[in-house]
Amino acid sequence: QYSNIWVGHHSTGVDFLSAQKSEFRHMDFGHAVYTLVPTTDGSGLWMASEGGLGHWQQGRFTGTWLFKNNIRREYSFPRCLMADRSQHVWIGIDDQGVYRFDSRTGQFKAIPISPEGADYHAFAEDSEGRIWIGGEFGVYTYQNGKVTRQEAISQTIHAPVSGFVQAAPH
């Protein structure tokens, strides 16, 4: 038994495999889709492509926000994506750093992390609402508008960080 499966691919969108019935559909997004995540409440899907961020809900695209005029380069390679419980979508973009998208206002915000323009490939949100950011030069947290490099962790691990998984304690 499996749930619905969404497959992002390097042609023009996503494919959908239904768990309820034998169904396969292709949804054209107009760009290669590099990463996908469910919305925080699980009712929809966020997808990031080289051209922007898209939202899928109730069987249709409900919004598309282009990177053009919002980030440094119009076409980009988004490596990771995470929807947090505050209705923000976090995007790690190769050579351009971290951006936070506010789904209520449709605005992108660059998150200032040094060094600027590094690659960030992992996000997680902990029980206190901190956003954990993993990247080329270590691990950082974001809380209340402030980025903090987690020195002890960053000096212990072998960067670059490529992913986080939250699991219950043993």
(request) Applying side chain to side chain contact (heavy atoms under 4.5 Å, CB included), name anything that partners Gln57, two or more places apart in sequence or on another chain. (result) Ser43, His55, Thr62
(message) Could you measure the distance from the CD1 atom of Ile113 to the CZ atom of Arg149? Nearest 0.5 Å is fine.
(response) 11.0 Å
(message) Does anything in residues 39-48 form a salt bridge (charged side-chain N to carboxylate O under 4.0 Å, His left out)? List the pairs, not counting sequence neighbours.
(response) none
(request) Taking the side chain as every heavy atom from C-beta outward, state whether Phe137 and Pro115 have any pair of such atoms under 4.5 Å apart. (result) yes
(request) State yes or no: do Val37 and Trp65 share one hydrophobic cluster built from I, L, V, M, F, W and Y residues joined by side-chain heavy-atom distances below 4.5 Å, directly or via other members? (result) yes
(message) Do Leu36 and Val14 have side chains that approach each other closer than 4.5 Å (heavy atoms only, starting at C-beta)?
(response) yes
(request) Taking ring pair (Phe, Tyr, Trp, His ring centres under 6.0 Å) as the test, write out the residues that go with Phe164, two or more places apart. (result) none
(request) For residues Trp56 and Trp6, establish whether the separation of their ring centroids is below 6.0 Å. (result) yes
(request) Look only at the side chain of Gln107 and the backbone of Asp102, and say whether a donor-acceptor pair between them is shorter than 3.5 Å. (result) no
(message) Is there a continuous path of hydrophobic side-chain contacts, each under 4.5 Å between heavy atoms, that joins Val147 to Val139?
(response) no
(request) Establish whether Tyr120 and Trp90 are linked, either directly or via other cluster members, by ILVMFWY side-chain heavy-atom contacts under 4.5 Å. (result) yes
(request) Not counting sequence neighbours, which residues clear salt bridge (Lys or Arg N to Asp or Glu O under 4.0 Å) with Arg79? List them please. (result) Asp94
Would you mind writing out the side-chain donor-acceptor pairs for residues 123-131 within the sub-3.5 Å range, not counting sequence neighbours?
residue	atom	partner	partner atom	Å
Glu125	OE1	Arg85	N	3.0
Glu125	OE2	Arg85	NE	3.3
Asp126	OD1	Glu128	N	2.9
Asp126	OD1	Gly129	N	3.1
Asp126	OD1	Arg130	N	2.9
Asp126	OD2	Arg130	NE	2.6
Asp126	OD2	Arg130	NH2	2.8
Asp126	OD2	Trp132	NE1	2.9

(request) Sequence neighbours left out, what passes ring pair (Phe, Tyr, Trp, His ring centres under 6.0 Å) with Phe108? Give chain and number order. (result) Phe67, Phe101
(request) For the residue pair Leu81 and Val89, establish whether any side-chain heavy-atom pair is separated by less than 4.5 Å. (result) yes
(message) Contact between Val161 and His121 at the side-chain level, heavy atoms closer than 4.5 Å - yes or no?
(response) no
(request) Report yes if the side chains of Tyr142 and Arg100 come closer than 4.5 Å at any heavy-atom pair, otherwise no. (result) yes
